[in-house]
Amino acid sequence: MEITIKKSYEDMSKAAANIIADAIRQKPDIVLGLATGSTPLGTYKELIRMHKEEGLDFSKVTTFNLDEYYGLSKDHTQSYYYYMHKNLFDHINIKEENIHIPDGTACNVEDYCSKYEQQIKECGGIDLQILGIGTNGHIGFNEPAEKLFASTHLTDLTEDTIKANSRFFDSIEKVPKKAITMGIGSILKAKKIMLLANGKNKATAISHLINQNYITTKVPATFLKTHNDVTVILDEEASGFNKNCCKDCCKE
Ligand code: F6R
């Protein structure tokens with residue numbers, strides 16, 4: 001696992017955008033796995049800038065999003081479909097037919113989830129998967145539990161996640177209780193994975209990932225330790241690095 005610690009959120013976002021842009025330049029028809037939430041916003045902003053100012057070309061890029069709230073339609077302002085268009089897709093030259101986001105209104109969910117997995121396979125698998133991490137260690141919406149699911153599935157959101165995500169809704173009652181998410185196996189099938197985390201509320205989850213040697217379903221992100229090409233980019237706060245600390249644990 002390669003770990004990079006950047007001074008600020010902006011630096012973390014630029015480093016992540018550079019990795020994605022290089023990957024697109026090397027393989028213009030790349031298949032990207034994308035995340036939503038606050039963490040990748042700066043990265044998407046930088047990718048938009050690169051498209052507008054440097055001609056970064058998304059015309060052959062295919063994307064698969066990790067997850068979508070169950071019960072929200074595409075035009076709901078808190079749906080991940082809406083988020084992705086507002087924060088990235090509407091500002092770059094990606095083709096609408098190359099965009100895949102789980103459908104939060106799918107009726108036969110089991111069939112729908114198998115089809116989503118099948119679509120990823122038919123596109124040749126994900127080349128580069130971008131991940132954020134929940135304060136409880138979730139990746140995608142694979143929440144801490146006794147068992148984790150391998151492939152795309154409908155899941156219950158934990159109280160922690162509902163509370164954390166209520167900041168985007170008018171009230172906590174409006175946060176959906178379920179989501180469709182890629183499974184841990186779907187994520188681990190990606191050829192390369194890049195996880196981003198910023199802010200001190202992510203430091204504990206990150207510590208389970210980078211400082212401990214165990215894998216546990218209680219912290220789903222620990223499964224990333226079984227993958228051979230994971231890059232983690234953190235800001236100082238998420239890394240637990242404290243420049244005023246006199247102990248070796250926090251020295252650069
Ligand atoms: C979103 C996703 C989630 C988020 C995580 C962190 O598509 O898969 O795992 O990455 O909840 O969210 P933020 O970035 O809002 O802290």
Side-chain angles (χ1 to χ4, degrees), residues 9-10 12-13 16-17 20 32-45 63-70 72 74 76 78-89 99-104 113 116 120 126 128-145 148-149 151-169 172 175-188 190 193-206 208-209 219-224 230-235 237-239:
Y9 175 74
E10 286 67 34
M12 178 200 82
S13 302
I20 299 169
L32 294 176
L34 298 178
T36 56
S38 324
T39 310
L41 283 173
T43 304
Y44 294 155
K45 200 171 155 204
T63 60
F64 284 89
N65 264 78
L66 279 166
D67 41 24
E68 177 62 283
Y69 288 118
Y70 191 62
L72 296 195
K74 290 177 175 176
H76 191 289
Q78 293 310 326
S79 74
Y80 288 163
Y81 181 94
Y82 193 95
Y83 167 109
M84 285 308 304
H85 283 77
K86 177 171 168 234
N87 294 304
L88 182 64
F89 297 148
I99 295 170
H100 305 84
I101 303 172
D103 179 357
C113 291
Y116 199 69
I120 298 175
I126 291 170
L128 173 59
Q129 175 67 56
I130 319 304
L131 294 177
I133 185 170
T135 50
N136 63 2
H138 73 209
I139 46 175
F141 276 134
N142 294 279
E143 299 278 38
L148 297 177
F149 285 76
S151 60
T152 303
H153 60 285
L154 181 66
T155 187
D156 289 321
L157 300 178
T158 60
E159 283 305 316
D160 282 345
T161 298
I162 291 171
K163 206 169 149 195
N165 289 7
S166 65
R167 69 192 194 277
F168 300 115
F169 290 81
I172 195 159
V175 185
K177 308 283 180 289
K178 288 178 187 284
I180 294 178
T181 180
M182 281 188 201
I184 289 288
S186 341
I187 293 170
L188 291 174
I193 297 174
M194 177 167 69
L195 182 140
L196 309 177
N198 66 286
K200 57 179 185 296
N201 62 336
K202 301 291 172 72
T204 305
I206 288 298
H208 284 289
L209 175 63
V219 186
T222 56
F223 278 78
L224 296 175
V230 178
T231 297
V232 177
I233 310 182
L234 308 169
D235 74 349
E237 287 189 337
S239 75

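Counting starts at 1 for both ligands and their atoms, following the listed order. Keep in mind that this is a model prediction, so the values were computed, not measured.
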Got a sec, which residues hit salt bridge (charged side-chain N to carboxylate O under 4.0 Å, His left out) with Asp160, two or more places apart in sequence or on another chain?
none
Atom pairs and distances, ligand 1 N/O vs protein N/O under 3.5 Å:
{"residue": "ligand 1", "atom": "7 (O)", "partner": "Thr36", "partner atom": "N", "Å": "2.9"}
{"residue": "ligand 1", "atom": "7 (O)", "partner": "Thr36", "partner atom": "OG1", "Å": "2.8"}
{"residue": "ligand 1", "atom": "7 (O)", "partner": "Asp67", "partner atom": "OD1", "Å": "2.7"}
{"residue": "ligand 1", "atom": "7 (O)", "partner": "Asp67", "partner atom": "OD2", "Å": "3.4"}
{"residue": "ligand 1", "atom": "8 (O)", "partner": "Asp67", "partner atom": "OD2", "Å": "2.8"}
{"residue": "ligand 1", "atom": "9 (O)", "partner": "His138", "partner atom": "NE2", "Å": "3.4"}
{"residue": "ligand 1", "atom": "9 (O)", "partner": "Gly140", "partner atom": "N", "Å": "3.4"}
{"residue": "ligand 1", "atom": "9 (O)", "partner": "Gly140", "partner atom": "O", "Å": "2.8"}
{"residue": "ligand 1", "atom": "11 (O)", "partner": "His138", "partner atom": "NE2", "Å": "2.6"}
{"residue": "ligand 1", "atom": "14 (O)", "partner": "Ser38", "partner atom": "N", "Å": "3.2"}
{"residue": "ligand 1", "atom": "14 (O)", "partner": "Thr39", "partner atom": "N", "Å": "2.9"}
{"residue": "ligand 1", "atom": "14 (O)", "partner": "Thr39", "partner atom": "OG1", "Å": "2.4"}
{"residue": "ligand 1", "atom": "15 (O)", "partner": "Ser38", "partner atom": "N", "Å": "2.8"}
{"residue": "ligand 1", "atom": "15 (O)", "partner": "Ser38", "partner atom": "OG", "Å": "3.3"}
{"residue": "ligand 1", "atom": "15 (O)", "partner": "Arg167", "partner atom": "NH2", "Å": "2.9"}
{"residue": "ligand 1", "atom": "16 (O)", "partner": "Lys202", "partner atom": "NZ", "Å": "2.7"}

Strictly by modelled atom types, are Glu143 and Thr155 linked by a side-chain donor-acceptor pair under 3.5 Å?
no
is_close_aromatic(Tyr69, Phe169), centroid dist under 6.0 Å
yes
Once ring pair (Phe, Tyr, Trp, His ring centres under 6.0 Å) is applied, do any residues pair with Tyr81, and if so which ones, sequence neighbours excluded?
His85
Does some side-chain heavy atom of Thr63 sit less than 4.5 Å from a side-chain heavy atom of Leu88?
no
Mind checking what makes side chain to side chain contact (heavy atoms under 4.5 Å, CB included) contact with Phe223, not counting sequence neighbours?
Leu148, Ile184, Leu188, Ile215, Thr217
